[in-house]
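Remember, it's 1-based here, ligands and their atoms both numbered in the order they're listed.
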Amino acid sequence: MRKIVIAGNWKMFKTQAESENFLRGFLPHLEETPSEREVILCPPFTDLSVMSKYLHGSRVNLGAQNVHWEENGAYTGEIAAPMLTEVGVRYVIIGHSERRQYFGETDETVNLRLKAAQKYGLTPILCVGETKQQRDAGETEKLISTQLEKDLVDVDQTNLIIAYEPIWAIGTGDTCEATEANRVIGLIRSQLTNPHVSIQYGGSVKPNNIDEIMAQPEIDGALVGGASLEADSFARIVNYQ
Ligand SMILES: O=C(CO)COP(=O)(O)O
């Protein structure tokens, strides 16, 4: 069975006080959320500890936005898996296009991070997706196939979530057509050895398009940026019809 997974990626937004304020507004909405839906929030590192305490006993799980492959060491600015698990983190986004684009993330380092996350019991959310230029050149399938091939070397597919995030749809309001996202996600699934991996769509997911996205047979959830920053809007997404 493929699990439905709705995750909010807060990127570099929200102080601790703002994160608590969000939870005050968001948690009451979850009374309406079907129990089989997994709800995850991925805030900045500094919010994790305070949110973990606030979320104690709630059904919301915490995710981080990155993890290093070593257990500790001289890696200024990085974070290690045991530091995350100690504060209650269960998931971690790896290989987001913003990491690949601005911070030198490569398929090789993505692969190292995936394996390290799993070693310490975290479930990685691996992001893949093409640029506008690659899409226009007809290279979408090839690009994603190469990313998967390189990123998933020796990765355990029984503890993995994948997010298809076309880069041109991120933060642009220019959502990928639901049927097209469904098609690409079907292709991603055909390249996996485990048919039960949940595959999310990400890129301008909003309250007004979530129902159509989730109606697609191949799409198992959403990775939401901007629309996860506001309690009412993320609640509407989590409580899609
Ligand atoms: O990058 C994303 C989630 O990881 C998507 O961001 P937006 O929902 O703001 O387009």
I'd like to check which ligand 1 atoms, numbered from 1 as shown, lie under 4.0 Å from a non-hydrogen atom of [X].
X    : answer
A169 : 10 (O)
N9   : 3 (C), 4 (O)
G171 : 7 (P), 9 (O), 10 (O)
L223 : 3 (C), 4 (O)
K11  : 1 (O), 2 (C), 5 (C), 6 (O)

Notebook entry, point to check: Does an N or O from H96, backbone or side chain, lie closer than 3.5 Å to an N or O of ligand 1?
Noted result: yes

*asked:* Below 3.5 Å, N or O to N or O, backbone or side chain included: is there any such pair between S204 and ligand 1?
replied: yes

Under 3.5 Å donor-acceptor, S52 side chain and S49 backbone:
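No, because the side chain of S52 does not come within donor-acceptor range (under 3.5 Å) of the backbone of S49.
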
For ligand 1, note which part of A227 has a heavy atom under 4.0 Å away: side chain, backbone, both or neither.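 The answer is neither.
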
message: Test of understanding: given a 4.0 Å heavy-atom threshold, classify the contact between I170 and ligand 1 as side chain, backbone, both, or neither.
response: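 The part of I170 near ligand 1 is both the backbone and the side chain.
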
Closest non-hydrogen protein atom to [atom], residue and atom name please, with distance?
atom                   : answer
atom 9 (O) of ligand 1 : G226 N, 2.8 Å
atom 2 (C) of ligand 1 : E165 OE2, 3.2 Å
atom 8 (O) of ligand 1 : G225 N, 2.9 Å

Value for NZ (K119) from CG (L114), rounded to nearest 0.5 Å, stands at 14.5 Å

With H96 as partner, the option from Q65, E105, K11 fulfilling side-chain contact (heavy atoms from CB on, under 4.5 Å) is K11

- Query: Which of these passes side-chain contact (heavy atoms from CB on, under 4.5 Å) with F234: N239, V205, L41?
  - Reply: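 Filter result, single survivor: L41.
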
Self-check item: Charged tip of R24 within 45° of Y54 ring normal and under 6.0 Å
Solution: no

Quick one: do the [X] and [Y] side chains pair a donor with an acceptor below 3.5 Å?
X    : Y    : value
Y91  : E38  : yes
Q216 : T179 : no
N194 : T158 : no

* Asked: Between F22 and W10, how do the two ring planes meet: parallel, tilted or perpendicular, split at 30° and 60°?
  ->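 Aromatic pair F22/W10 classed perpendicular.
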
(message) Please confirm whether G202 approaches ligand 1 to less than 4.0 Å, judged on its heavy atoms.
(response)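 Outside the 4.0 Å threshold, so no.
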
